[in-house]
2 protein chains.
Amino acid sequence: MGYNARRAALSIIELFLERLAPYGLKPVDFSVMSTIHHNPGVTSRQLCAALNLLPPNLVGLIQSLEARGLIERKPHPHDGRAVGLHPTDQGIALMQQAEQTASDLEVEKTSRLTAAQRKTLLDLLQKIYL
Amino acid sequence: MGYNARRAALSIIELFLERLAPYGLKPVDFSVMSTIHHNPGVTSRQLCAALNLLPPNLVGLIQSLEARGLIERKPHPHDGRAVGLHPTDQGIALMQQAEQTASDLEVEKTSRLTAAQRKTLLDLLQKIYL
DNA sequence: TATTGTTATACTCTATAACTATA
DNA sequence: TATAGTTATAGAGTATAACAATA
C-alpha cells in the first residue's frame, strides 16, 4: 500500500513539476502558497503542522516567496513572536491560475478514473493519514 | 491527489521504517528483496525498470544485500553482461518474516478501511501509475 | 519554562556523466 | 552501435541541535 501510494504520488508529481514550472512553483511551494492563499494570516508554525514540514526547511521557502512578491509578512495581532503570512494581489492572481493548472493535470493524470472514483480515492487516502 | 497520495505513503512508510528496522530493511531494500524473492534470477536492469530506480542507485543496495548474505549474484545464462540475482536460503527466510510484518502493519495503518476498501484503494492507485 | 522563527549543518535520497565489458 | 553494470559526483530533500526574541 505504501509502495503503491508512493508510486502514484511520484507519477502525479512528475507531471506537476512540468506543468507548474512556468509558475516557478514546485509541489512544496504550491502547497505552501495554496495554504496561505486560502488562510491569509497563517503562521509558519501552522503551515508546518498542516503540511508536515519542519520549521528550518520552511524558512528558505518563505523568504523566496516573499522576495518574489507573492506573499507579505505582517506582525501577528496577538503574538509578538509570530508572523502572519498573507498573499499579495500578485500571489492571489498567480495561485488562481496555478490551482486551475494543477486541477487540470490531476484530472488528466487520473483519466482512467471516473469522477466518483477520484472522490473515493481522495477519501480513502485521507483516512490513512488524517 | 498527488499531495494526498504522498501524505498517505509517508504515513505508512513512517511505521514501515519502525517495524522493519529489526530486519535491517528500509522500504527500497524491502521492495528490491521482495522482487528478487519472487523473481529469482532477475537482473539489475529489470529491477530498475520494475521499481523505477536508477542503476547507479541500485549498485550499493545490491552490494549491501549480497554482503549480508541475503542474495547471490550468478552469471546470466544467456547474456554475459548481465548478472542474475537470487535469494539465499537466509534471504528467503528473512523475507517470509518481513513480508508478514509488512502485511500486518499495512492492515494496521489502514484500520479505518474495510478489506474491500483496501482492495479498491490499491486498484485505483495502480490505475494512476501503471 | 515554553514557543516562534531562525541559523548552521549533517544526512539521505535522487540524478547525471562517463567508464568497462559484452552483445 | 547499443546495453548491463559500475564509479564518481552533484543536487535536492529531510533531519537535528542550538540560538534569540517573545509568551
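Residue numbers start from 1 in every chain, and the chains themselves are labelled A, B, ... in the order their sequence lines are given, proteins ahead of strands.
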- Query: Nucleotide by nucleotide, 5' to 3', does protein get under 4.0 Å of the base (B), only the sugar-phosphate (S), or neither (-) in nucleotides 18-23 of chain C, counting heavy atoms?
  - Reply: ----BS

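- Set against D:dT6, D:dT7, C:dT7, the side chain of A:V59 has C:dT7 as its closest nucleotide.
- When side chains are defined from C-beta on, B:L47 does not count as touching B:L53, because their heavy atoms never get closer than 4.5 Å.
- Nearest-nucleotide assignment on DNA chain C puts the 5′-proximal partner with A:V83, out of A:R6 and A:V83.
- For A:R19 (side chain) and A:L105 (main-chain N/O), no donor-acceptor pair under 3.5 Å exists by modelled atom type.
- With a 4.5 Å cut-off on side-chain heavy atoms, A:N39 and A:Q46 do not count as touching.
- Contact check for B:L85 versus B:S44: side-chain heavy atoms found under the 4.5 Å cut-off.
- Heavy-atom distances to DNA chain D give each of B:T43 and A:P27 a nearest nucleotide, and the one nearer the 5′ end belongs to B:T43.
- Taking side-chain N and O atoms only, B:R45 has no distance below 4.0 Å to OP1 or OP2 of D:dT6.
- Side-chain N/O atoms of B:Q46 include none lying less than 4.0 angstrom from OP1 or OP2 on D:dT3.
- A:Y23 is not listed as a side-chain neighbour of A:D29, based on a closest heavy-atom distance of 4.5 Å or more.
- Rounding to the nearest 0.5 angstrom, the gap separating the CG atom in A:L130 from the CG atom in B:N4 is 7.5 Å.
- Between the CG atom of A:L47 and the C1' atom of C:dT6 there is a distance of 16 Å, rounded to whole Å.
- Axis deviation across the helix from C:dT1-D:dA23 to C:dA23-D:dT1 amounts to 10°, comparing end segments of five pairs, rounded to 10 degrees.
- An OP1 or OP2 oxygen of D:dG13 is reached within less than 4.0 angstrom by a side-chain nitrogen or oxygen of A:K26.
- Atoms CG (A:L61) and C1' (D:dT14) sit 12 Å apart, rounded to a whole Å.
- Phosphate contact (OP1/OP2 of D:dT6, side-chain N/O of B:R73, threshold under 4.0 Å): present.
- For A:E14, there are no salt bridge (Lys or Arg N to Asp or Glu O under 4.0 Å) partners at least two apart in sequence or on another chain.
- The pair B:K119-B:D123 meets the salt-bridge criterion, with a side-chain N (NZ, NE, NH1 or NH2) lying under 4.0 Å from an Asp/Glu carboxylate O.
- Contact annotation: the side chain of A:K26 never approaches that of A:L20 to less than 4.5 Å [non-hydrogen atoms, C-beta and beyond].
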